[in-house]
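Take a look at the structure set out below.
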2 protein chains.
Amino acid sequence: MTVASKTVSDVIHSHFGVLTRAEKQLAESLLDNYPVSGLGSITTIAENAGVSTPTVVRMVQKLGFKGYPDFQAHLHLEVEATISNPIAKHDRWAQNAPGTHILNRFADAIMGNLRQTLSDLDTATFDSVASLLSDRKRGLYFVGGRITGALAEYFFTHMQVIRPATTLLSANSSSWPQYVLNMNAGDILIIFDIRRYEQEMVSLATAARKRGAEIVVFTDQWGSPAAKLARHAFRVRIEAPSAWDSSVVTLFIVEALIEAVQNSTWDETKERMKTLEGLFEQTKLFRKPG
Amino acid sequence: MTVASKTVSDVIHSHFGVLTRAEKQLAESLLDNYPVSGLGSITTIAENAGVSTPTVVRMVQKLGFKGYPDFQAHLHLEVEATISNPIAKHDRWAQNAPGTHILNRFADAIMGNLRQTLSDLDTATFDSVASLLSDRKRGLYFVGGRITGALAEYFFTHMQVIRPATTLLSANSSSWPQYVLNMNAGDILIIFDIRRYEQEMVSLATAARKRGAEIVVFTDQWGSPAAKLARHAFRVRIEAPSAWDSSVVTLFIVEALIEAVQNSTWDETKERMKTLEGLFEQTKLFRKPG
DNA sequence: GCTGTCATGAAAAGAAATTTTCAGAGGATG
DNA sequence: CATCCTCTGAAAATTTCTTTTCATGACAGC
């Protein structure tokens with residue numbers, strides 16, 4: 001109760017008058033570069049302040065803490081608050097929804113996944129992949145597993161509009177060798193492989209590597225075995241309050257990549273999209289002459 | 001040289017591949033709320049991560065530190081650097097990425113979309129749809145457009161595991177009448193139709209309604225014309241700093257629905273999943289008799 | 001100058017943390 | 001199915017940290 005809600009710094013200041021000479025010396029040392037200077041062991045801070053360890057113990061007890069560990073625990077909490085405060089705690093979601101509704105629990109989890117994934121993700125990796133995918137001289141091959149197949153398809157569908165030479169591998173792994181046969185050195189194989197890693201992915205990656213293809217892997221934080229063969233790997237957080245993994249953040253990165261690629265080759269892409277529009281129109285007219 | 005100038009976080013990431021299961025678990029725990037989570041004693045962090053103290057020692061040594069105290073000293077330096085640099089202490093992921101990087105702009109947009117969508121979304125609608133989809137007497141039909149087809153497939157793949165009588169309509173609209181023919185009163189047609197609304201969706205919805213099917217539509221904030229025929233419609237925000245729309249929030253709702261349905265019929269679903277596991281095993285053995 | 005009080009740190013005692021050892025579990029391999 | 005290997009945590013051993021005890025010295029009051 002005594003110490004609660006007040007910072008350690010406050011407590012030191014308010015007790016400063018009753019401290020002895022050596023204790024004041026220690027307090028000065030602690031407040032200087034606060035709160036980091038209190039992070040180490042009692043021995044360390046005693047040395048830094050030029051006092052003995054008993055002095056430290058006596059002071060923190062005088063301040064109202066149970067002992068040095070108690071004192072340090074409070075400091076740790078303050079450090080934590082200082083560091084992880086900013087945007088960390090997101091605002092509450094849907095006001096309509098009670099806090100325990102599945103939608104809110106999911107939102108919490110996804111925001112956490114997104115934050116974690118982005119903090120682990122190197123923008124240089126992202127940029128490298130974007131520029132690889134932008135290189136129209138390289139063929140693109142997309143493949144996914146049972147669940148992630150839809151992600152591969154989504155990625156493929158967009159890239160197919162943006163640039164030529166994109167291929168979606170069929171879900172059936174027995175047909176993969178034929179795709180590998182068509183790969184040229186410098187082509188890129190984009191693999192989605194999450195949890196329940198599919199053994200065939202490794203074989204596929206190995207074969208593609210032998211043909212000189214570069215490999216980009218989307219996997220989870222634990223890492224697909226295929227990631228070892230990859231030039232670049234995205235490790236995405238997939239945890240959700242569910243029996244299933246979440247692909248939301250993976251899709252997020254895919255969409256960001258789509259935009260990055262589209263952006264870097266906009267002039268060429270623009271023409272393609274116009275032509276495509278024309279083709280759609282024709283198809284429509286063809287089907288509905290009325 | 002080994003550890004100098006690289007952050008502990010970097011070191012963990014670069015060694016992640018060679019870590020064992022328990023070590024990865026520990027690494028996760030450390031990176032989660034990094035670097036504050038590494039402030040306490042070896043005992044504390046071992047407990048937080050759910051591993052033993054020897055595992056902690058082994059990992060930090062594997063990372064190149066002399067021992068836990070050495071590891072912690074490095075962390076303390078980082079905490080100090082973070083705290084005494086006020087600019088750095090903002091968003092941890094923004095730190096790695098300059099403010100204008102596409103990833104950050106995308107993240108901002110997606111968070112906005114999610115917030116908007118959830119505040120517009122009535123949980124009663126969500127719950128109604130979840131309970132409709134949980135009703136095993138009703139057949140489920142999924143259909144999507146050119147881009148949203150992948151979402152429909154994703155939803156379908158999961159529901160197919162969870163319950164029987166699920167069908168994915170082919171992308172080719174000329175085959176849709178045959179599916180409608182098979183629909184019974186009470187069946188549910190789940191339509192994904194976003195922006196560039198596809199005219200055929202309205203015809204499909206109309207035909208399905210005539211057969212007595214219920215319709216659930218995923219659309220954007222402007223609303224597909226098919227939404228008018230729907231029993232329930234999800235209006236999702238799809239704006240992104242991109243030439244393309246974002247499906248991230250739509251996928252979010254799909255995943256939440258999957259969990260809600262799975263949860264409400266868990267007893268039956270459990271059995272199905274077990275059986276499915278068995279079938280996978282068999283397939284594997286069949287393919288690889290060695 | 002004597003005496004009592006207090007502050008202080010050396011050193012011992014006690015407690016906790018860290019490291020090492022080791023045996024069992026589990027998985028891969030032949 | 002046996003064998004080997006690796007991973008893991010319990011428990012012991014070791015080291016370090018924390019607290020307590022106590023002797024010393026400074027200083028004020030008498």
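Since the structure is predicted, the reported quantities are computational estimates derived from the model, not experimental observations.
For the side-chain hydrogen bond (donor to acceptor under 3.5 Å, both in side chains) with A:Trp244, the qualifying choice from B:Gln262, B:Glu255, B:Glu259 is B:Gln262, the only one to do so.
Taking the side-chain hydrogen bond (donor to acceptor under 3.5 Å, both in side chains) definition, one finds that B:Glu28 meets it with A:Gln221, A:Arg237, sequence neighbours left out. Under the side-chain hydrogen bond (donor to acceptor under 3.5 Å, both in side chains) criterion, A:Thr53 pairs with no residue at all, not counting sequence neighbours. By the ring-ring contact (aromatic ring centres under 6.0 Å, His included) test, B:Tyr68 is found to be paired with B:Phe71, residues two or more places apart in sequence or in another chain being considered. Qualifying side-chain hydrogen bond (donor to acceptor under 3.5 Å, both in side chains) partners for A:Tyr179, counting only residues two or more places apart in sequence or in other chains: none.
Contact annotation for B:Thr55: backbone-only contact, meaning every heavy-atom pair under 4.0 Å involves sugar-phosphate atoms and none involves a base. As judged by a 4.0 angstrom heavy-atom cut-off over every strand, A:Gln61 is placed among residues touching the sugar-phosphate backbone only.
Counting 5' to 3', DNA chain D first comes under 4.0 angstrom of a heavy atom of chain A and last does so at the ends given by D:dC17 to D:dT20. Contact footprint of chain A on DNA chain C: nucleotides with an atom under 4.0 Å from a non-hydrogen protein atom, first to last in 5' to 3' order, C:dA7 to C:dA11.
When each of A:Thr44 and A:Arg58 is assigned the nucleotide of DNA chain D bearing its nearest heavy atom, the one mapping closer to the 5' terminus is A:Thr44. Nearer the 5' end of DNA chain D, as judged by each residue's closest nucleotide, is the contact made by B:Pro54, out of A:Tyr68 and B:Pro54.
Taking the six-membered ring where tryptophan is involved, the planes of A:Phe218 and A:Phe192 are essentially parallel, since the angle between them stays under 30° and well short of 60°.
In this model, a donor atom of one side chain and an acceptor atom of the other lie less than 3.5 Å apart for A:Ser41 and A:Thr44.
Here the two rings, on A:Phe126 and A:His232, have centers that are 6.0 Å apart or farther.
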